[in-house]
Amino acid sequence: TKFRRAATLMVQPKKPIGQAPNAWRSIQAIVFASWLNILLVFIPISWAMNFALPDQHTLTFVFAFLAIIPLAKLLAFATDELSLRVGQTLAGLLNATLGNAVELIVSIIALAKCQLTIVQSSLVGSILSNLLLVLGMCFFAGGLRFSEQGFGQSAVQLNSSLLTISVIAVLLPGAFHMALQGQPEYDELSTDYNILKTSHGVAIILLFIYASYLVFQLFSHKALYDDANEDMQPTKGYAGENPFRLHRTRNPRNITDGEMVSSPSSTHDREAATTSFRPADADPDVEPGTHPTASVETEAPEQPLMSLAVCLWLLVVVTVLVAVTAEFLVDSIDGLTSSGSINKEFVGIILLPIVGNAAEHATAVTVSVKDKLTLSLGVAVGSSIQIALFVIPFIVTLGWIMNKPLTLLFDPLESIVLFLSVLTVNYVVQDGKSNWLEGMILMCLYMILVVTFWYYPGESLVHVTKESRPSHMNAAVARYPRDLPKLLVKPGASSTNGRRPRAGY
């Protein structure tokens, strides 16, 4: 049957798999997987600081911050090893699910502790860092070697449309609130209730869009995300000598202006450029896992670095370590920001995205220099789509289940910045080509945001309690006796630090 055939293709590896190493060699592969493993020493240090010196919030935050970075790298390493043993479609589903696992874990823990400002700002910050910083660094690094780098224009434009939809979903609750303000019959609490219910409905629709996007990318239009499609723009080298004096070290031939350079990439294997084995006579410009001329049967088998049992255990252990360390990280944020030297918006928008994306960002920049820009776009833009269409609506839905008042009504400045960033990226990628100046523009825009959010005082959520509720809200409480308690946060759940309350909560 068709279903059985499709299931077989999902679990059948695209390339032959060699013999898996034993447990000892698998552990060695984990230890030497990345130089970031040096930072694993901060795991016990952060735990010790949390229990021994509970008042040293700044040190706990710094050590927990450094401890999660190598854990995110190991999580990506285990995901890639597991992807080798399944088909291309199932590998894509694994990467789509586990690609932003760290951000998801941190958001869930912050949501459980009712740190709604951290939840919203950290998710928006992940999108901004991927779209501006990572994509800008990829364009800039690749532009130092190539005059122009090409990529699939149709696929990128489709991704831009998906990001635009997610931005609209973030902006509409704010417009909803502003449209009702100033009316004689305006009631704050009932409006908050309506915005909360609207966010729940929009979150379900966004999850449906993300599921449709996965079907489109992994089943119906897989060729659209392949470099072999006719929509792929060519890569061109500099005319004559490279003005930046960066010469190719692995391919001695001279690339002249107008000459096409292949830009093969794997849509789903993000670490293929650095962790996969390949034959010694392979083309240095062809990414491991692609086979433009040879068939699957004639290729050398893919050699896994870990056994399946060790890979699964690594996923479980790393996930537990991330969850525990992230809880200490979230607990220390209030103490870190209580002094007023740094605000929660800067922590969420700028600092927290580095935790889960640092290793992934380094990979994206590395492969862009090797003219694998499609792979870099898959990391940067693909991760942004996952957060915008999956993580954000999932967290809102989870808050609905956990009875937390999390909505899609974000901080006004965060919403405007997200809209302008997506608009800028749309203009940059619309021609299907990139150069170093476009990369510098995106990086400089991100630095502008860093300066802005460093001085931005932020707007804390309104915590309406039964004791402090104005008398005119009693009618709304009587109208919605079951649902309005979701909007009531216990006193002391989080500090407003003397900031101006944010309207709409």
Side-chain angles (χ1 to χ4, degrees), residues 57-58 60-62 64-66 68-69 72 100 102-134 166-167 170 174 322 325-358 361 383-384 387-388 391-392 394-396 398-399 404-419 421 446-461 493-497 499-502 504-505:
H57 301 289
T58 302
T60 302
F61 179 86
V62 172
F65 181 89
L66 295 176
I68 295 180
I69 293 177
N100 292 286
V102 175
E103 292 91 334
L104 190 59
I105 292 173
V106 173
S107 298
I108 292 175
I109 293 175
L111 177 64
K113 297 180 180 296
C114 212
Q115 293 276 9
L116 305 185
T117 301
I118 294 298
V119 174
Q120 292 181 327
S121 59
S122 63
L123 295 178
V124 173
S126 296
I127 298 176
L128 295 177
S129 65
N130 280 306
L131 287 181
L132 301 180
L133 181 62
V134 181
S166 64
V167 171
V170 171
V322 168
T325 310
E327 183 174 3
F328 299 155
L329 180 74
V330 173
D331 287 338
S332 63
I333 291 178
D334 275 337
L336 176 69
T337 58
S338 60
S339 62
S341 58
I342 187 172
N343 57 71
K344 284 189 176 182
E345 276 71 18
F346 184 83
V347 173
I349 291 287
I350 306 300
L351 296 183
L352 289 185
I354 300 176
V355 172
N357 297 330
H361 293 178
S383 294
S384 300
I387 296 173
V391 178
I392 290 180
F394 175 79
I395 291 296
V396 172
L398 185 62
K404 302 292 184 180
L406 181 65
T407 71
L408 292 174
L409 181 60
F410 285 67
D411 183 279
L413 180 61
E414 294 176 6
S415 302
I416 295 174
V417 164
L418 182 61
F419 168 74
S421 299
Y446 187 79
M447 295 308 298
I448 292 175
L449 299 184
V450 171
V451 175
T452 302
F453 281 102
W454 175 260
Y455 292 103
Y456 179 58
E459 296 186 6
S460 298
L461 305 180
S494 60
S495 174
T496 58
N497 294 331
R499 300 173 185 167
R500 182 168 55 91
R502 182 191 309 178
Y505 283 88

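None of the values given here were measured: they were computed from a predicted structure.
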Test item: [X] and [Y] side chains (from C-beta on) under 4.5 Å apart, heavy atoms:
X    : Y    : answer
P405 : L116 : yes
E414 : L128 : no
Y455 : V451 : yes
L329 : L352 : yes
S421 : L449 : yes
L123 : S107 : yes
I387 : N130 : yes
L104 : I395 : yes

[X] and [Y]: which non-hydrogen atoms are nearest, and at how many Å?
X    : Y    : value
S129 : P353 : OG-CB, 3.7 Å
A112 : K404 : O-NZ, 3.5 Å
T117 : S121 : O-OG, 2.7 Å
I69  : F65  : CG1-O, 3.5 Å
V102 : A72  : CG2-CB, 3.7 Å
S384 : I127 : OG-O, 3.7 Å

Between atom [atom1] of [X] and atom [atom2] of [Y], what is the distance when rounded to the nearest 0.5 Å?
X    : Y    : atom1 : atom2 : value
I68  : F328 : CD1   : CZ    : 10.5 Å
L398 : L406 : CG    : CG    : 9.0 Å
I350 : S122 : CD1   : OG    : 12.0 Å
I349 : I118 : CD1   : CD1   : 9.5 Å
L336 : K344 : CG    : NZ    : 10.5 Å
E327 : I105 : CD    : CD1   : 12.0 Å

>> For a side chain to side chain contact (heavy atoms under 4.5 Å, CB included) check, start with the C-alpha distance between F410 and L418, then their side-chain angles and the critical distance, and finish with the verdict.
In response: CA-CA 10 Å; F410 285 67; L418 182 61; over 6 Å; no

Between the side chain of [X] and the main-chain N/O of [Y], is any donor-acceptor distance below 3.5 Å?
X    : Y    : value
T325 : V322 : no
Q120 : T407 : yes
N343 : Y456 : yes

What residues form a side chain to side chain contact (heavy atoms under 4.5 Å, CB included) with [X], not counting sequence neighbours?
X    : answer
L133 : M137, Y446
I448 : T452
S332 : H57, T60, F61

>> Go through it in stages, so that I can follow the logic: the residues are T337 and F346, the test is side chain to side chain contact (heavy atoms under 4.5 Å, CB included), and I'd like the CA-CA distance, side-chain angles, deciding distance and then a yes or no.
In response: CA-CA 10 Å; T337 58; F346 184 83; over 6 Å; no

> Picking from I109, V106, L111, V330, what satisfies side chain to side chain contact (heavy atoms under 4.5 Å, CB included) with V119?
Replying inline: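 Exactly one pass, corresponding to L111.
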
